[in-house]
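Just so it is clear: chains get the letters A, B, ... in the order the sequence lines come, proteins before strands, and each one is counted from 1.
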Number of protein chains: 2
Amino acid sequence: MHRPDIRPAMPAERISMDVKTVCLGMLTDGPASGYDMKKCFESSFGHFFPAGYGSIYPALAALARSGLVEFEKILQEGKPDRKVYSITEKGREELIRGLSNSDPSHKIRSEFLATLWFAHLMSEEHINTVIDGKLEEIEKFLHVIDQFPDCECDSAQKGALFVAGFGKHMASEFRKYIHNNRDMLTDEDEEQAVLAAVAQ
Amino acid sequence: MHRPDIRPAMPAERISMDVKTVCLGMLTDGPASGYDMKKCFESSFGHFFPAGYGSIYPALAALARSGLVEFEKILQEGKPDRKVYSITEKGREELIRGLSNSDPSHKIRSEFLATLWFAHLMSEEHINTVIDGKLEEIEKFLHVIDQFPDCECDSAQKGALFVAGFGKHMASEFRKYIHNNRDMLTDEDEEQAVLAAVAQ
DNA sequence: ATGCATACTATCAATCCGATATATTAAAGC
DNA sequence: GCTTTAATATATCGGATTGATAGTATGCAT
């Protein structure tokens, strides 16, 4: 009725493994441009932590403002100038802080599963299209990851191998589950099964 | 040099399985309030498609504006009024459209993996904290999903069972991979490797 | 010669996320 | 009895992320 001094929170600068922190981490392998980093996201990092230009460039700008990275403009003939970023000592400290969170998240956002949840509203044909498309995608991914390591951004040896192995394992289990269970979405006797389940 | 009629995109109203579409889907099981839907996200949907109040309420408002849902204000004694939403015929059509995307995404955003990628910059103790924390989380999730189905929002039988089974399978494979491979992050010879790298 | 790929930069609107605010009641703890 | 916590409900706000687009230049293929 008369608000007693509400102030806007000030979230205490949460320790988080965000795009900024990942960029700092990448720079521990040596200087790189935003473009280089995007490629690294595409080839390896992005499989479990995606980021596009719209996140990378603002992240680098913010890091530079806080003095966690420095950059050097390199003029090139023909091509646009490169801004080559390197991590500072302060940046290294901040990276360690970013890694210190004891409960980092692991989130899935799956339009695929959300769609199939409503399989009863879809034609059998379309269900198959969706599933076959996803299987193809997984196949491609497994092919890519099989010839890992192949990217330059890996001082990370141990960690990179662990993460790549994880990706490979989960992708092949993804495939396995779909192979073994896709029938339950398209089986003829679905009507019966459902009725039976309700009946008893 | 003079651009031949570039027009500002008009994104053609992308077909997407977003929060709005999921809310429409939930409403096919009967009318519900935003609060009800949040609970449904927490209990089941959120495991593969998270959404909080900050997404749900704006989504419902937008759906109402477009005439895809209607709502009725229900006055209650003691408690605040409920706004109970129901799907319209137009909304059902839009839902079907939302389900018609042939290539729905399945994305992972894992601070967990991003952190462990840099395991070589972390203490063995902290690596173990992070991993044990995640294992505990998985254990809880498996416990929850074992007593599925238990939520009210499931006309979806087939789809819900498929998705729940998927979650269960992937979670237990997650656990298995960590059990079998966590040693590679904390093995003794890491120190040597790191020292050697620094020394030269 | 025209379009397409590659190499670089960068921005914008739409959306989403996490935290917070407001209000009331009921149960649970001290 | 008093107080804290949980549950029922609504809603908003800043900050971050997404996906698409824009701009500029070279070289390659059709």
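- Residue B/R82 contributes atom CZ, which lies 16 Å from atom C1' of C/dT24 at whole-angstrom precision.
- Between A/F174 and A/Y177, the distance separating the two ring centers is not shorter than 6.0 angstrom.
- By the side-chain hydrogen bond (donor to acceptor under 3.5 Å, both in side chains) test, B/D18 pairs with B/T21, sequence neighbours left out.
- Atom CG of A/L60 and atom P of D/dA16 are 14 Å apart (whole Å).
- Going from atom CE of B/M37 over to atom P of D/dA9 covers 14 Å, rounded to whole Å.
- For the helix from C/dA1-D/dT30 to C/dC30-D/dG1, the end axes, each set by the C1' atoms of five terminal pairs, are bent relative to each other by 30° (nearest 10°).
- Between B/K107 and the phosphate of D/dG19, there is a side-chain N or O to OP1/OP2 separation shorter than 4.0 Å.
- Atom CG of A/D81 and atom C1' of D/dT26 are 15 Å apart (whole Å).
- Under the rule for a ring-ring contact (aromatic ring centres under 6.0 Å, His included), B/F49 has no partner lying at least two apart in sequence or in another chain.
- Rounded to whole Å, atom P of C/dA7 lies 15 Å from atom CD1 of A/I56.
- Within the 4.0 Å cut-off from OP1 or OP2 of D/dT10, at least one side-chain nitrogen or oxygen of B/S33 is found.
- In terms of the side-chain hydrogen bond (donor to acceptor under 3.5 Å, both in side chains) criterion, B/K83 has no residue partners (sequence neighbours excluded).
- Note: CG (A/D36) to P (C/dT6) measures 16 Å, nearest angstrom.
- Using a cutoff of 4.0 Å between basic side-chain nitrogens and carboxylate oxygens, B/E173 and B/K176 are scored as salt-bridged.
- Under the side-chain hydrogen bond (donor to acceptor under 3.5 Å, both in side chains) criterion, B/R109 pairs with no residue at all, not counting sequence neighbours.
- Listed by first and then second residue, the side-chain hydrogen bond (donor to acceptor under 3.5 Å, both in side chains) pairs that reach into residues 46-70 of chain A come to none, sequence neighbours excluded.
- B/K38 places its NZ atom 13 Å from the C1' atom of D/dA7, with the value rounded to the nearest Å.
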In a table with atom names and distances, give each donor-acceptor pair under 3.5 Å that connects a side chain of residues 130-143 of chain B to protein atoms at least two apart or in another chain.
from   : atom 1 : to     : atom 2 : distance (Å)
B/D132 : OD1    : B/R182 : NH1    : 3.0
B/D132 : OD1    : B/R182 : NH2    : 3.2
B/K134 : NZ     : A/P104 : O      : 2.7
B/K134 : NZ     : B/E137 : OE1    : 3.2
B/K134 : NZ     : B/E137 : OE2    : 3.4
B/E139 : OE2    : B/R175 : NH1    : 2.5

Might you list the N or O atoms of the protein lying below 3.5 Å from N or O atoms in nucleotides 11-16 of chain C, with each pair's distance?
none

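- Phosphate proximity of D/dT8 to B/Y35: present, with a side-chain N or O under 4.0 Å from OP1 or OP2.
- In terms of phosphate contacts, B/K83 brings a side-chain nitrogen or oxygen within less than 4.0 Å of OP1 or OP2 of D/dA11.
- Between the CD atom of A/E42 and the P atom of D/dG19 there is a distance of 13 Å, rounded to whole Å.
- Here B/Y85 pairs with B/F71 under the ring-ring contact (aromatic ring centres under 6.0 Å, His included) rule; sequence neighbours left out.
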